[in-house]
Amino acid sequence: MLGIDSPHVPIEGKFAEEIRATVHRVCTGRLNEADKRRIRRSRKVLQRFDAVWE
């Protein structure tokens with residue numbers, strides 16, 4: 001947010017590795033079953049909501 005000065009510590013370890021691996025799979029189009037399940041679930045949830053930007 002604007003006007004707030006706070007230090008951000010980068011994430012490390014297993015969690016960071018999992019995020020990097022997922023981003024790489026998405027960017028290369030080589031999704032595994034867990035990625036596909038997440039995408040299906042996200043699409044299903046997003047159908048329930050409607051956002052209007054004004």
Side-chain angles (χ1 to χ4, degrees):
M1 293 196 297
L2 296 175
I4 297 177
D5 184 25
S6 63
H8 296 282
V9 179
I11 59 171
E12 298 175 338
K14 184 177 179 181
F15 186 67
E17 292 170 13
E18 290 175 12
I19 292 173
R20 283 189 209 104
T22 302
V23 170
H24 184 262
R25 286 192 306 272
V26 170
C27 290
T28 59
R30 297 177 178 163
L31 303 174
N32 62 20
E33 283 305 312
D35 298 331
K36 292 175 185 176
R37 277 194 308 272
R38 278 189 219 105
I39 291 169
R40 282 193 299 268
R41 183 177 184 281
S42 293
R43 286 182 179 158
K44 186 176 178 180
V45 169
L46 288 173
Q47 288 176 352
R48 297 177 56 204
F49 299 98
D50 208 18
V52 178
W53 298 95
E54 297 181 8

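Note that the coordinates shown come from a computational prediction; the quantities given were computed from them, not determined experimentally.
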Query raised in the report: What do the steps show when you test R40 against R37 for side-chain contact (heavy atoms from CB on, under 4.5 Å), and what is the final call?
Result: CA-CA 5 Å; R40 282 193 299 268; R37 277 194 308 272; 3.2 Å; yes
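Atom CD of E12 has 12 or fewer heavy atoms from other residues, nucleotides or ligands within 6.0 Å.
With values rounded to the nearest 0.5 angstrom, K44 atom NZ is found 9.0 Å from Q47 atom CD. Separating the NZ atom in K14 from the CD1 atom in I19 is a distance of 12.5 Å, to the nearest 0.5 Å.
Minimum heavy-atom separation, K36 to L31: CE-O, 3.7 Å.
A single hydrophobic cluster is not seen to contain both I39 and V23; linkage of ILVMFWY side chains at heavy-atom distances under 4.5 Å, directly or through other members, places them apart.
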